[in-house]
Amino acid sequence: MKELQEKILKEGTALNETVLKVDGFLNHQVDPLLMQKIGEEFANYFEDRGITKVFTIESSGIAPAVMAAIKLDVPMVILKKQQSKILNGEVYQTKVTSFTKGTSYELTLSKKYIDKDDKILLIDDFLANGEAAQGGIRLIEEAGATVSGIGIVIEKSFQPGRKKLDDRGFDVYSLARISRLDKGVIEFVEEA
Ligand code: 5GP
């Protein structure tokens, strides 16, 4: 998505070879019009999959996910990051290691908000090692529902997450694919 690439080049900061900061429009301050276009792009791409719910991981996936959910006219569910296990049988939980913080959390989904017939579009802000996305997939599959697509705002294609998801046969649609980062350097994958 050209507009997103331009925004990343203009406002993003590569801190080092692995971390891109986009606090000005996605992770801290949010650009609502850009989020709307991103949501529409996801919704258009996945529109014929019979999506019944959009899932995202708190917190930076919420803005693009809610925009996609409006366009698809389905509910949006936030997978929560809890500090510890909840042992009451009313939730699905799985442990995920955070890329940016190096710590882990229990990704949590109430059983009330998923059904085995659900076809889910999973949206997140970044794809790096694929830990967060795979945690979301585990919860959806544990509930017997289907992951019908994965929408990523910014994929760091030089990290292993994309390949892991491709190898498992998921349809991953990333709106910006970064091939290289370094201090002051941001390069994109050349799309054919
Ligand atoms: P993964 O689980 O794929 O390793 O990492 C994805 C999660 O880590 C995303 O939900 C995002 O919050 C965070 N993340 C990974 N890489 C970056 C990055 O370069 N910049 C920012 N701002 N967040 C990142």
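These numbers come from the heavy atoms of this one structure, side chains and all, not from hydrogens, waters or symmetry mates. Each ligand, and each atom within it, is numbered from 1 in the order the structure gives.
Counting non-hydrogen atoms of other residues, nucleotides and ligands closer than 6.0 Å to NZ of K85 gives a total above 12.
Listed as neighbours of ligand 1 are T18, V19, L20, N27, F99, T100, D124, D125, F126, L127, A128, N129, G130, E131, A132, K156, each bearing a heavy atom under 4.0 Å from the ligand.
Cation-pi contact between K111 and Y92: present, with separation from the ring centre below 6.0 Å and deviation from the ring axis of at most 45°.
Side-chain N/O atoms of S157 and E155 include a donor and acceptor closer than 3.5 Å. Donor-acceptor pairing under 3.5 Å is recorded for the side chains of K156 and Q159. A donor atom on one side chain and an acceptor atom on the other are found under 3.5 Å apart for Q93 and T108.
A donor-acceptor distance shorter than 3.5 angstrom exists from the side chain of S98 to the backbone of K101, with no hydrogens or angles considered.
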